[in-house]
Amino acid sequence: MSKKKNAKGKGSTPATLQLERAGVDFRIYEYEHSNDHMDDGYGVEAATKLGFDRHQVYKTLLADTGDELVTGVVPVSGHLDMKALAAAVGAKKAAMADPKKAMRATGYVVGGISPLGQKTRHRTVLDEGALAFDEILVSGGKRGFSIGVAPKDLIAVLDAITAPIATW
């Protein structure tokens, strides 16, 4: 997989900069975001507009364990299993973080939160299903901007762990 420069020239994001600093190959995928079709969510919009399987496009969600914020990365075709996420990080429980808290902690807007380049580094758990793909797509740090990256590279850059945290 080779890095592909952004065709529209919109520049880098903290997410792409983190991958560049780590020397990781990645691809940039852009699409025109529209608020008109948000019933299914931002990730489903990305999968549909970019023509990818919904199991290959991943959404980034922040959860609060009471002690810390944790980043969960799951396919847009599923949901984040809070009990499984809590178990993966050794917590008793987890709940979705307040969106305002998530935006402050990551430096990104909802719908554009990337697991990469977050303002504050959080423990990250990637759903183990990602390992079935050579490339998965994650948010690049803004709506309409996705990054294609090998799951093993994402794990290495984020010092992430994998666990079965998605549910359908």
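Residue indices begin at 1 and follow the sequence shown. The shown structure was predicted, so the numbers you read here are calculated from the model rather than taken from an experiment.
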Identify whether [X] and [Y] are in the same connected component of the hydrophobic contact network (ILVMFWY, side-chain heavy atoms under 4.5 Å).
| X | Y | result |
| --- | --- | --- |
| Val44 | Val74 | no |
| Leu62 | Tyr42 | no |
| Val157 | Tyr58 | yes |
| Val76 | Leu50 | yes |
| Val70 | Leu80 | yes |

Between atom [atom1] of [X] and atom [atom2] of [Y], what is the distance when rounded to the nearest 0.5 Å?
| X | Y | atom1 | atom2 | answer |
| --- | --- | --- | --- | --- |
| Asp153 | Phe26 | CG | CZ | 11.5 Å |
| Trp168 | His79 | CH2 | NE2 | 10.0 Å |
| Lys152 | Thr162 | NZ | OG1 | 14.5 Å |
| Asp25 | Glu20 | CG | CD | 11.0 Å |
| Thr13 | Ile147 | OG1 | CD1 | 5.0 Å |
| His122 | Glu68 | NE2 | CD | 8.5 Å |

Nearest heavy-atom neighbours spanning [X] and [Y]:
| X | Y | answer |
| --- | --- | --- |
| Ala47 | Arg54 | CB-CG, 4.0 Å |
| Ala94 | Ala63 | CB-CB, 4.3 Å |
| Gln18 | Gly117 | OE1-N, 2.5 Å |
| Pro115 | Thr60 | CD-OG1, 3.0 Å |
| Ala15 | Tyr108 | N-OH, 3.2 Å |
| Leu158 | Arg121 | O-NH2, 3.0 Å |

Are the side chain of [X] and the backbone N or O of [Y] linked by a donor-acceptor pair below 3.5 Å?
| X | Y | result |
| --- | --- | --- |
| Lys93 | Met82 | no |
| Tyr31 | Ser146 | no |
| Asp81 | Ile165 | no |
| Arg143 | Ser34 | no |
| Thr71 | Thr124 | no |

Check whether any side-chain heavy atom of [X] sits under 4.5 Å from a side-chain heavy atom of [Y], and report yes or no.
| X | Y | answer |
| --- | --- | --- |
| Ser114 | Phe145 | no |
| Ile136 | Leu126 | yes |
| Ile155 | Leu131 | yes |
| Arg123 | Asp159 | no |
| Val24 | Leu154 | no |
| Lys49 | His33 | no |

Ser77 side chain to His55 side chain, donor-acceptor N/O pair below 3.5 angstrom = yes
